[in-house]
Amino acid sequence: MSSAHYQALEPQTSDEDNEDIERRHHQSNSRGCTACATSASTTSHPAHAMVRKGGVARRRCLVPLVAGALFFVAFCYLTLSADTRLALGLGGGAEDSEELSHHGLDGMNFRPLNETVHICSESYEDRRQFMQDKPQSEYGQLPVIYFVTPTYPRREQIPELTRLAHTLLHVPRLHWLVADDQEKCNGFMDTLLYRFGIPFTHMVSPMPSKFRNEKPAPRGVANRRAALQWLRQHNLTNGILYFGDDDNTYDLRLFSEIRKTQRVSMFPVGLIADYGVSGPVVRKGKVVAFLDSWVAGRRWPVDMAGFAVNLEYMAQYPYVNMPYKPGYEEDLFLRSIGLQMNLIEPRGNNCTEILVWHTQTKSKKLGMVRLESKYLDDRSNLGALLHNLKLMGVASTTESEGRDALISKNGKEKPHSKILS
């Protein structure tokens, strides 16, 4: 449960305890007068003395109970993990407090996702007959991998997705969740995804406008949040969640590795920042720390492609979330599912092999082809070709901007009219 639903316990005192404290304080200031008053009271009202005597006895009975409660709280504080202490309202320790406060994470409260999921198209039918030289029927007992790919409109979008799809075509029992960062559905992408024959869901999930002008912007968060919402809406508790960007390079062995995930598995990712790698440090088969050139107070300094989560484990945490905090998306997501170091399962031969690479395609601005619209008819292929490129977001046509499109023959530029008329 979220720590927001627990309040720290405060020691409570009874009315008798308060009276006793006040009485002792008063006695320290006026010992003589109090003694006289007590003597007189005892003489004239013996019944009152008996009442006080009974009250003292009751207080003596409370002492072991209070001491036991304090011992229990101290025991929990010293033995439980910081996250568990926070969940019980016992505090996470001075070190955690300082670290979280320094990095602006101390006020982070996880709330249930409430995303609007706009589905463009989806197909649950796997139309692939063979995968890795085996018929599809032989893979029926494997858990499904829910492969979440955030994407956004750009010149390289369709080529990236096409390349990724031809990796996923070899992976059995996979459902591809493609979340696009735009307001409206792209019909070309619907057709493309269906053509691959992989079970898929295509949704649009634009970044909220208030984050678009931030530097850096929390790119991909809205897409992943929408996918998490889709999983929750479908009450999926059997399968594996993996966040796979459209520009990464994946070794097919990765999918066999993450399919065995019981809670959370981790593995190194290549081509990350200054070290060229980010991943767990493993000793005696257990994850004990992390290697990453940018720590910045992150408890889990890993790349988004460097872990997988079992959906049955994740279902235990109703407040699973990924806040809009650039650089901390992985860390805060893993905190929201209560991850502890002893739960992590190292993969990739004890984290000695790279099974995923953070490759990046150099992005260029939209191509522009200057060509008169009268030549974009069916007299040549150019009309249909340039139309498709426009749908893909790769290139567009103009009649006024830039230099005329070069059309050549025998090594020499030719007028458009001579070739296309």
Side-chain angles (χ1 to χ4, degrees), residues 1-7 81-89 92 96-97 99-101 103-118 146-150 177 179 181 201 203-212 214 216-237 239-245 261 263-266 296-341 343-344:
M1 294 292 288
S2 168
S3 60
H5 287 262
Y6 290 86
Q7 297 296 327
S81 66
D83 286 338
T84 307
R85 293 199 302 266
L86 286 169
L88 295 174
D96 283 339
S97 243
E99 179 184 289
L100 297 180
S101 177
H103 293 282
L105 305 177
D106 52 344
M108 193 64 65
N109 292 320
F110 296 112
R111 299 178 177 85
L113 288 169
N114 188 26
E115 305 297 300
T116 300
V117 179
H118 185 183
Y146 292 91
F147 193 93
V148 175
T149 299
L177 293 163
D181 185 3
T201 297
M203 63 186 79
V204 289
S205 49
M207 182 192 301
S209 56
K210 64 181 179 180
F211 296 119
R212 289 196 176 275
E214 290 189 2
R219 226 172 54 179
V221 176
N223 313 92
R224 299 183 187 99
R225 286 168 64 96
L228 290 171
Q229 182 77 4
W230 184 90
L231 292 170
R232 181 58 53 88
Q233 287 176 353
H234 287 74
N235 296 315
L236 293 170
T237 58
I240 307 300
L241 167 65
Y242 182 73
F243 296 110
D245 289 353
T261 302
R263 294 185 179 89
V264 177
S265 60
M266 288 190 179
R298 293 182 298 162
R299 183 176 301 160
W300 310 114
V302 295
D303 185 72
M304 194 68 73
F307 62 89
V309 181
N310 187 296
L311 292 181
E312 184 178 7
Y313 169 76
M314 192 174 77
Q316 302 174 44
Y317 297 90
Y319 298 143
V320 57
N321 210 317
M322 187 178 289
Y324 289 96
K325 191 165 184 66
Y328 293 86
E329 295 93 337
E330 301 93 340
D331 181 42
L332 295 174
F333 169 75
L334 292 170
R335 292 191 195 200
S336 78
I337 58 173
L339 183 61
Q340 301 296 324
M341 193 79 79
L343 300 180
I344 303 173

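The figures that follow rest on heavy atoms only: side chains count, while hydrogens, waters and symmetry mates do not.
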Legend entry - Partners passing side-chain hydrogen bond (donor to acceptor under 3.5 Å, both in side chains) against Thr201 (at least two apart in sequence or in another chain): Glu122, His175
Legend entry - Validation row: Tyr146, His234 side chains within 4.5 angstrom (heavy atoms):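 No - every pair of side-chain heavy atoms lies 4.5 Å or more apart.
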Legend entry - Residue list, salt bridge (charged side-chain N to carboxylate O under 4.0 Å, His left out) with Glu329, at least two apart or on another chain: none
Legend entry - Which residues share a side-chain contact (heavy atoms from CB on, under 4.5 Å) with Pro216, sequence neighbours left out: Pro326
Legend entry - Flag side-chain contact, heavy atom, 4.5 Å: Arg225 against Gln229: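 Side chain of Arg225 against side chain of Gln229, heavy atoms only: no contact under 4.5 Å found.
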Legend entry - Residues which pass salt bridge (charged side-chain N to carboxylate O under 4.0 Å, His left out) with Arg224, listed by chain and number, not counting sequence neighbours: Asp245
Legend entry - Inter-residue atom distance Asn235.CG - Leu311.CG, 0.5 Å rounding: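 Separation between the atoms: 11.5 Å.
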Inset, instruction - Please list, chain by chain and in numerical order, all residues satisfying side-chain contact (heavy atoms from CB on, under 4.5 Å) with Ala226, sequence neighbours excluded. - result: Met203, Ser205
Inset, instruction - Kindly indicate whether the side chain of Val148, heavy atoms from C-beta on, has any atom under 4.5 Å from the side chain of Leu228. - result: no
Legend entry - Heavy-atom donor-acceptor pair, Tyr324 side chain to Met207 backbone, under 3.5 Å: no
Legend entry - Reported CE-to-CG distance for the pair Met266 and Asp303, which is rounded to 0.5 angstrom: 11.0 Å
Inset, instruction - Can you measure from CG (Leu334) to CZ (Arg299) and round to the nearest 0.5 angstrom? - result: 10.5 Å
Inset, instruction - Give the minimum heavy-atom separation between Asn223 and Ala179, together with the two atoms involved. - result: ND2-O, 3.0 Å
Inset, instruction - With the side chain counted from C-beta on, respond yes when Tyr313 and Gln316 share a heavy-atom pair under 4.5 Å apart, and no when they do not. - result: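 Counting from C-beta outward, Tyr313 and Gln316 do come under 4.5 Å.
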Legend entry - Flag side-chain contact, heavy atom, 4.5 Å: His118 against Pro206: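 They are not in contact (no side-chain heavy atoms under 4.5 Å apart), so the answer is no.
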Inset, instruction - Taking side-chain contact (heavy atoms from CB on, under 4.5 Å) as the test, write out the residues that go with Glu312, two or more places apart. - result: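 For Glu312, the residues satisfying side-chain contact (heavy atoms from CB on, under 4.5 Å) (neighbours in sequence not counted) are Asn310.
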Inset, instruction - State, yes or no, whether a side-chain contact exists between Phe211 and Val221 at a heavy-atom distance under 4.5 Å. - result: no
Legend entry - Pairwise side-chain contact, Ile344 with Trp300, heavy-atom cut-off 4.5 Å (strictly under): yes
Legend entry - Which atom of Ala308 lies closest to which atom of Ile240, heavy atoms considered: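 The answer is CB-CG2, 3.9 Å.
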Inset, instruction - Quick one: sort the Phe333 and Phe307 rings into parallel, tilted or perpendicular, breaks at 30° and 60°. - result: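 Correct class here is parallel.
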Legend entry - pair Leu113-Arg232: side-chain heavy atoms closer than 4.5 Å: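 Result no, sub-4.5 Å side-chain heavy-atom pair not found.
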Inset, instruction - Can you measure from CD1 (Ile337) to CE (Met322) and round to the nearest 0.5 angstrom? - result: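 The CD1 atom of Ile337 sits 9.5 Å away from the CE atom of Met322.
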